Amino acid sequence: MHLSTATWQEIGARIAAGNTGIIIPIGSHEQHGPTGLIGTDALCPQIIADQAEKQSDLLLAPTFSIGMAQHHLGFPGSMTLRPSTMIATIVDWTASLIRHGFDRLYWLNGHGGNVATIQAGFAETYAPYSLAGTAAPFAHKLINWWQLPGIEKLCRDTWPTGHGSHGTASEVAVTYWAYPDRETLSRMVLDPAIAPDGPIRDAADYRARFADGRIGSDPTQARGVDGGKIVAASAAALIADATAFFGEPRL
Ligand code: NI
């Protein structure tokens, strides 16, 4: 079930029946090199969660699609929230959901650059309870989709060289599976074939270090058929992991 296409009565009945967990895909809109889509980091968790939803009774929130991507702002089309805005937005999304009785919020993340800010957002949501000496009536779980059980190994086995860390072969393949008309981008010849590695600082430094936007990757290896295998394995892992989290005993 998708929150966006449910009615309020359907959601109320679901919560009343004790089905109080929700999955929130969270990502970013930022350049992904010459062959990768700007929405990659929001699209990947959304594609995986959509696939899981088709095979289960899981409920999906709208995708939190703009993240902390200030270091990508040297490239056209990239959008960001500053960390303080993103923390405030996570606090408001959380408050809205728990107001109605959701008590297990599972955030499926698609952008490594979001992690520190998401964790700070979680801490803000817990702070009023911890400071008041009461138990928070909810819990968060954060996982990057590529860290679902078995997925990193699958990616390593599929792309032994040039998988990289930004504009990766796996994330690009997942988007080509969902948007097959974009796979022709993979015919591009990139120079160097495997992008350099290095630290991430501000937007100007990033653009100077990583000329075409990639880090450590050769995403011309990405194929939709491989992306489909990653989506299938990730969706199965997500169903198991989210179901276990939703079933955890409450305090
Ligand atoms: Ni990415």
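Counting from 1, the numbers follow the sequence of the chain as shown. Everything quoted here is computed from the prediction, not taken from an experiment. All ligand and atom numbering here is 1-based and tracks the order in the structure.
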**Student:** Between the side chains of Ser217 and His163, does any donor sit under 3.5 Å from an acceptor?
**Tutor:**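 On atom types as modelled, these side chains do not qualify, holding no pair under 3.5 Å.
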**Student:** For the residue pair Asp205 / His71, report whether a side-chain donor-acceptor contact shorter than 3.5 Å exists.
**Tutor:**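 Side chains of His71 and Asp205: no pair found under 3.5 Å.
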**Student:** With respect to the Ni ion (ligand 1), what is the nearest N, O or S atom of Glu171?
**Tutor:**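 Closest N, O or S atom of Glu171 to the Ni ion (ligand 1): OE1.
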**Student:** Going by distance alone, is a donor N or O of one side chain under 3.5 Å from an acceptor N or O of the other, for Gln70 and Thr80?
**Tutor:**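 Per modelled atom types, Gln70 and Thr80 side chains form no pair under 3.5 Å.
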**Student:** Under 6.0 Å between ring centres, would you say that holds for His72 and His166?
**Tutor:**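 Aromatic pair counts; centres sit under 6.0 Å.
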**Student:** By atom name, which N, O or S atom of Asp41 is the nearest to the Ni ion (ligand 1)?
**Tutor:**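 This turns out to be OD1.
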**Student:** Please determine if the Ni ion (ligand 1) has an N/O/S atom from His32 lying under 2.8 Å away.
**Tutor:**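 A backbone or side-chain N, O or S atom of His32 is under 2.8 Å from the Ni ion (ligand 1).
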